[in-house]
2 protein chains.
Amino acid sequence: MRRNTLGTLIWLRIARFTHQSNLLSNDFLKPFGITAAQFDVLNQIATYQPIKQSELAVKATLSEGGISRMLTRLEQDGYIQRKQEWKTKWISLTSSGEAKMQEVFQHQLTFQTTMVDECLTEEEQKTLYKLMTKLQKNTENKLGC
Amino acid sequence: MRRNTLGTLIWLRIARFTHQSNLLSNDFLKPFGITAAQFDVLNQIATYQPIKQSELAVKATLSEGGISRMLTRLEQDGYIQRKQEWKTKWISLTSSGEAKMQEVFQHQLTFQTTMVDECLTEEEQKTLYKLMTKLQKNTENKLGC
DNA sequence: ACCAATCACTTGACTAGTAAACTGAAAAAG
DNA sequence: CTTTTTCAGTTTACTAGTCAAGTGATTGGT
């Protein structure tokens with residue numbers, strides 16, 4: 001009892017990093033008036049628009065309900081629009097949303113990149129990316145069952 | 001624009017893994033009647049009890065408000081108790097909470113360990129742990145400022 | 001032509017988290 | 001002795017997410 005394995009220590013580090021980096025991201029994005037979660041979704045929309053709501057949920061790894069709520073907020077803030085066609089809703093950025101991404105994207109990219117660059121070498125980053133990809137893909141597969 | 005760096009790809013992988021592994025953990029813990037977040041807090045209490053509420057917040061990397069709410073829920077479920085002394089509240093497990101941890105801990109440890117073991121070698125795990133530790137410590141330091 | 005199934009999305013009830021404003025009692029200051 | 005500060009914790013108002021039940025229009029079966 002009360003003895004940890006390497007595996008659980010890895011989980012803990014990852015969980016802590018995610019939580020803390022999220023706080024930092026939210027702090028960083030505050031002046032821009034959006035949250036880290038909103039940035040993620042807007043970024044997916046910018047990349048894939050126009051995109052079905054259900055497909056967006058998959059890209060952002062959110063539940064159907066979760067994406068519905070998030071899009072309601074983003075719509076209220078005027079960043080996105082939903083165009084109903086048959087039974088599907090097509091999501092795209094409004095010009096306001098487009099402008100917001102133009103404003104924020106580069107900053108956020110630099111912010112994230114710097115955080116990693118300042119503590120890991122190029123070689124280490126490649127290794128970390130490879131290992132995290134393995135781990136994440138394995139987890140993703142489990143989720144399907 | 002729209003070009004990602006290695007750093008942002010790493011962030012994305014980590015975020016996805018955390019989110020997905022959390023879903024899996026919650027699913028796994030469901031039969032035991034607790035959530036992953038509750039397990040984490042109970043685990044910290046088990047390790048450090050009796051512990052001040054404010055110190056527990058630090059250990060669990062939660063805000064003061066967050067830990068207050070979480071403990072209210074855990075108290076309602078009968079897993080923990082808060083003993084007021086002067087102005088601080090000392091948190092410890094009840095016998096029911098102790099029993100629950102006895103029941104769950106080993107399972108959750110095995111669950112997490114297996115997830116990592118089945119896709120990474122011992123060597124890879126050591127490397128991943130080292131790199132994630134660097135990254136997390138760096139993030140933690142930023143948070144203080 | 002009608003009833004059932006299905007599809008895409010929404011809603012209700014919940015956990016979980018934050019920041020910021022608020023308590024209430026103790027210690028320190030005058 | 002009052003008044004003020006301070007400290008630990010709570011509460012409020014919010015975002016963000018889940019699951020599961022509900023909606024409402026279209027499509028299929030008989």
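Chain letters run A, B, ... following the sequence lines, proteins first, then strands; residues in each count from 1.
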**Report entry** Short side-chain to backbone donor-acceptor contact, T18(B) and I14(B), under 3.5 Å
**Finding:**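 Present.
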Query raised in the report: With no hydrogens and no angle check, is any side-chain donor or acceptor of Q125(A) less than 3.5 Å from a backbone partner on L120(A)?
Result: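 Yes, the answer is positive, given that a donor and an acceptor are paired below the 3.5 Å cut-off.
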Of the nucleotides [options], which has the atom closest to the [X] side chain?
| X | options | answer |
| --- | --- | --- |
| S54(B) | dA19(C), dT10(D), dG9(D) | dG9(D) |
| R82(A) | dA16(D), dT11(D), dT10(C) | dT10(C) |
| Q53(B) | dT10(D), dA19(C), dG17(D) | dT10(D) |

Between [atom2] of [N] and [atom1] of [X], the distance in whole Å:
| X | N | atom1 | atom2 | answer |
| --- | --- | --- | --- | --- |
| I67(A) | dA16(D) | CD1 | P | 11 Å |
| E64(A) | dG22(D) | CD | C1' | 15 Å |
| M70(B) | dG17(D) | CE | C1' | 14 Å |
| K52(A) | dA8(C) | NZ | P | 7 Å |
| L23(B) | dA16(C) | CG | C1' | 14 Å |
| R73(A) | dA13(D) | CZ | P | 18 Å |

Query raised in the report: I91(B) pairs by side chain to side chain contact (heavy atoms under 4.5 Å, CB included) with which of Q53(B), Q49(B), Q81(B)?
Result: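 Answer after filtering Q53(B), Q49(B), Q81(B): Q53(B).
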Report task. Please check the phosphate of dC7(C) (OP1 and OP2 only) for any side-chain N or O of T88(A) closer than 4.0 Å. Result ->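 T88(A) to dC7(C) OP1/OP2: no side-chain N or O under 4.0 Å.
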Query raised in the report: Is there a path from F105(A) to F111(A) through hydrophobic residues (I, L, V, M, F, W, Y) whose side chains come within less than 4.5 Å of each other?
Result: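 In one cluster with F105(A): F111(A), yes.
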